[in-house]
Amino acid sequence: MTTCGSNCVRCNGMCQPLRTANRSPWHTCRSSCTRSTVWPSTSCLSQRRFFHFTKRLNFQKFQFSLVLGIKHRKSGLAYHVFIGETYFNAYQQPILYFQVLLLTCQLEAAVEFLSRLESLRVHAMHIAIAFYELNLLLIPKDLQTQLLSAASSGPGIAKRLNFVRLIKMYTRKFEMTDPREALQYFYLLRGLKGQHGESLFVSCISELALETREYELLLGKMEPDGCRKAGCVEKFQVNTSKIIEFIAKKAEDTGLFEDAVRLYDLCKVHEKVLQIMNKLMSQVVSQAPAVMSARDRLRSAAISIAERYKLQGHSGSVPTAGTFYLLLDLMTFFDLYHSKNYQKAIDTMQQLKIIPFTPDDIETKISSFRLIAEEVQRVFPDVLLTVMAILQAQYKAARLQTADQPLPMSQRLFDDGGGGRHADVEYLRKQARTLITFAGMLPYRLPGDTNARLVQMEVLIS
């Protein structure tokens, strides 16, 4: 009977093997060695198949894989055949195969295998979290790879688990209905960075907020007094303002401008709030008011912002703020026009002082036009057409009056001192000619049909 020789790693070859009747190559150490099963001696290997563990050195840790070692009878050359899911009938015995992977230190493969099974995916997620917190998982540098990938460097067949992808896969089924719970899982990614150096925790919050649009729940709400009501992100003790600003930029880049306004306002980046509002308001300022329309939403938001900024101040620049308030006043002017309150509409336009009402003011208004923001300049064609339409409506009303009866004050454009219909008609014609001259001298390319429509309405008045 031979000794173990150098095969026993614990007793250093001082134990005696036990040979069973069926000549099993495995034997038990008789000495004080605590290892119950040791490697068989060389004489027991010939012409027999056996299972053994092959140690593979990785740059970060030792990892093992289960292989089948075979020695050819004549040549004596040894070779290995890998065995896996098919051999263990993994899908019929998932727990057994998971244990095999786990006991052979293939943690990444074990988690990935469990995640394939719907009934065991929740366990795969939380086992992976435990491994990750203990710093036992190998994670790829490129987080866009598949869930389980081969190591980009190092010998052997070491695998890496895309922990970020696993979390996103798991939270996808409930993030729309329970974003608060999804936030808990995303917090695990706080120590990882994306391709551009951004925190993956912040990136995932951004995606979650933009998909669910639960801004108030996640990020908080701006109260009328200017104080921000805290959201769920606050409890993680992070820089919430930076996170909100990051999400606001994402919303702006993806075209969610109204959401971007809310978010920039929430993190008090007032300049961006005013800039985006100016662009949005210039697109709808001349439209007729309608309930639940985009114009109605923007008008309500603009009034709320204007009132709060006037009371509490803001950090926006003076030109940007001036453009914002001017567009809001123009929106009021168009509201009065669509409600056929012509006198108040003209009074509002006279207070704005952006178009001439007498020939002497034409040069002054042309010079001031060059200083007006582009967002307001885009509205000028509609402003000119609307004012001309008011003059035409007033002209028709004046023609219906008797020779000595003036227009009612609610329908008149100016107080003529009781001059009667003739004075009203002459004033309207003078106004029409002034607008035509101003439109022709305007250093702005008007749409093709604007001048034609202005001339057509002026001819009707003349």
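These values consider heavy atoms only, across backbone and side chains, with no hydrogens, waters or symmetry-generated copies.
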**Student:** Would you check, one step at a time, whether the test side chain to side chain contact (heavy atoms under 4.5 Å, CB included) holds for F236 with F186?
**Tutor:** CA-CA 11 Å; F236 296 108; F186 293 151; over 6 Å; no
**Student:** Applying side chain to side chain contact (heavy atoms under 4.5 Å, CB included) to L107 and L102, what does each step give before you reach the verdict?
**Tutor:** CA-CA 6 Å; L107 309 184; L102 197 64; 3.5 Å; yes
**Student:** Taking NZ in K310 as the centre, count heavy atoms belonging to other residues, nucleotides or ligands within less than 6.0 Å. Is the count above 12?
**Tutor:** no
**Student:** How about NZ on K365, more than 12 heavy atoms from neighbouring residues, nucleotides or ligands closer than 6.0 Å, or not?
**Tutor:**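 More than 12 heavy atoms, drawn from other residues, nucleotides or ligands, come within 6.0 Å of this atom.
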**Student:** Does CD in E181 sit with more than 12 non-hydrogen atoms of other residues, nucleotides or ligands closer than 6.0 Å?
**Tutor:** yes
**Student:** Identify whether the distance between the nearest side-chain nitrogen and carboxylate oxygen of E112 and K159 falls below 4.0 Å.
**Tutor:**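 No, no charged N to carboxylate O under 4.0 Å.
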**Student:** Check whether R295 reaches the backbone of M331 with its side chain - one donor and one acceptor, N or O, closer than 3.5 Å.
**Tutor:** yes
**Student:** If I take atom CG from residue N162 and atom CG from residue L143, how far apart are they, to the nearest 0.5 angstrom?
**Tutor:** 5.5 Å
**Student:** Do the ring centers of Y97 and F113 come within less than 6.0 Å of each other?
**Tutor:**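 Close enough - the centres of the two rings lie under 6.0 Å apart.
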**Student:** Within the structure provided, determine whether L384 and F438 are in side-chain contact (heavy-atom separation under 4.5 Å).
**Tutor:**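 Answer yes - side chains close enough.
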**Student:** Hey, does E363 have a side-chain heavy atom less than 4.5 Å from the side chain of M441?
**Tutor:** yes
**Student:** With sequence neighbours left out, write down each residue that passes side-chain hydrogen bond (donor to acceptor under 3.5 Å, both in side chains) with Y337, or none if nothing qualifies.
**Tutor:** none
**Student:** Roughly how far, to the nearest 0.5 Å, is the CD atom of Q146 from the CG atom of L148?
**Tutor:** 7.0 Å
**Student:** Only pairs under 3.5 Å count here: list side-chain donor-acceptor contacts from residues 196-208, not counting sequence neighbours, and write none if there are none.
**Tutor:**
residue : atom : partner : partner atom : Å
E198    : OE1  : H196    : N            : 3.2
S199    : OG   : F201    : N            : 3.3

**Student:** Are P443 and R370 close enough that some pair of their side-chain heavy atoms sits under 4.5 Å apart?
**Tutor:**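 Heavy-atom side-chain distance check passes, below 4.5 Å.
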**Student:** Taking the side chain as C-beta and beyond, is there a heavy-atom pair between Q283 and F257 under 4.5 Å?
**Tutor:** no
**Student:** When you measure from the side chain of E108 to the backbone of L138, do you find a donor-acceptor pair of N or O atoms at a distance under 3.5 Å?
**Tutor:**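 A pair under 3.5 Å: yes.
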**Student:** Could you report the tightest heavy-atom contact between R228 and L219, atom names first, then the distance?
**Tutor:** NH1-O, 3.2 Å
**Student:** Do side-chain atoms of S282 reach the backbone of N278 as a donor and acceptor pair under 3.5 angstrom?
**Tutor:** yes
**Student:** Around atom CD of Q237, are there more than 12 heavy atoms from other residues, nucleotides or ligands closer than 6.0 Å?
**Tutor:**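 No - once you tally the heavy atoms of other residues, nucleotides and ligands closer than 6.0 Å, there are 12 at most.
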**Student:** Looking at every heavy atom in both K250 and L210, which two are closest together, and how far apart are they?
**Tutor:**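 Heavy atoms only, the tightest pair is CB-CD1, 3.7 Å.
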**Student:** So, for R308 and E223, which heavy atoms are closest and what is the spacing to 0.1 Å?
**Tutor:**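 Reported closest heavy-atom pair: CD-O, 4.0 Å.
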**Student:** Kindly say whether K279 contributes a backbone atom to a donor-acceptor pair with the side chain of R378 at under 3.5 angstrom?
**Tutor:** no
**Student:** Rounded to the nearest 0.5 Å, how far does CG of L263 lie from OH of Y215?
**Tutor:**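 If we round to the nearest 0.5 Å, Y215:OH and L263:CG are 5.5 Å apart.
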**Student:** Would you be so kind as to tabulate the donor-acceptor pairs closer than 3.5 Å made by side chains of residues 315-330, with sequence neighbours excluded?
**Tutor:**
residue : atom : partner : partner atom : Å
S315    : OG   : H270    : ND1          : 3.2
S317    : OG   : E271    : OE1          : 3.2
S317    : OG   : E271    : OE2          : 3.2
S317    : OG   : T320    : OG1          : 2.7
T320    : OG1  : E271    : OE2          : 2.9
T323    : OG1  : P319    : O            : 3.0

**Student:** Passes side chain to side chain contact (heavy atoms under 4.5 Å, CB included), H314 versus V273? Steps please.
**Tutor:** CA-CA 10 Å; H314 59 85; V273 173; over 6 Å; no
**Student:** So, does R121 use its side chain to make a donor-acceptor pair with the main chain of S115 at under 3.5 Å?
**Tutor:**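 Present.
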**Student:** Take a 6.0 Å sphere around NZ of K235 and say whether it holds more than 12 heavy atoms from other residues, nucleotides or ligands.
**Tutor:**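 Atom NZ in K235 is packed in, count exceeds 12.
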**Student:** Backbone N or O of I372 within a donor-acceptor pair of the Q377 side chain at under 3.5 Å?
**Tutor:**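 Indeed, once roles are kept as given, a pair shorter than 3.5 Å links the two residues.
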**Student:** Would K249 and E252 pass as an ion pair if we require N to O under 4.0 Å?
**Tutor:** no
**Student:** State whether the number of non-hydrogen atoms from other residues, nucleotides or ligands found under 6.0 Å of D142 atom CG is greater than 12.
**Tutor:** yes
**Student:** Mind listing the closest non-hydrogen atom pair of T145 and R165 along with its distance?
**Tutor:**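 Looking at all heavy atoms of both residues, the shortest contact is O-NE, 2.7 Å.
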**Student:** If you apply the rule side chain to side chain contact (heavy atoms under 4.5 Å, CB included), what do you find for V238 with V233, and how did you get there?
**Tutor:** CA-CA 8 Å; V238 293; V233 178; 3.7 Å; yes
**Student:** With a sphere of 6.0 Å drawn around CZ of R453, does it hold more than 12 non-hydrogen atoms of other residues, nucleotides or ligands?
**Tutor:**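 12 or below, so no.
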**Student:** Taking CZ in R180 as the centre, count heavy atoms belonging to other residues, nucleotides or ligands within less than 6.0 Å. Is the count above 12?
**Tutor:**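 Counting neighbours around CZ of R180, 12 or fewer heavy atoms of other residues, nucleotides or ligands fall under 6.0 Å, so no.
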**Student:** So do the side chains of Y170 and E175 get within less than 4.5 Å of each other, counting heavy atoms only?
**Tutor:** no
**Student:** Short question: side chain of D265, backbone of V261 - any donor-acceptor pair under 3.5 Å?
**Tutor:**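 Here the side-chain-to-backbone pair does not exist.
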**Student:** Is the closest side-chain heavy-atom distance between T177 and F174 below 4.5 Å?
**Tutor:** yes
**Student:** Kindly give the heavy-atom pair with the smallest separation between M292 and R297, and that separation in Å.
**Tutor:**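 Answer, listing the atom of M292 first, then R297: O-NH1, 3.9 Å.
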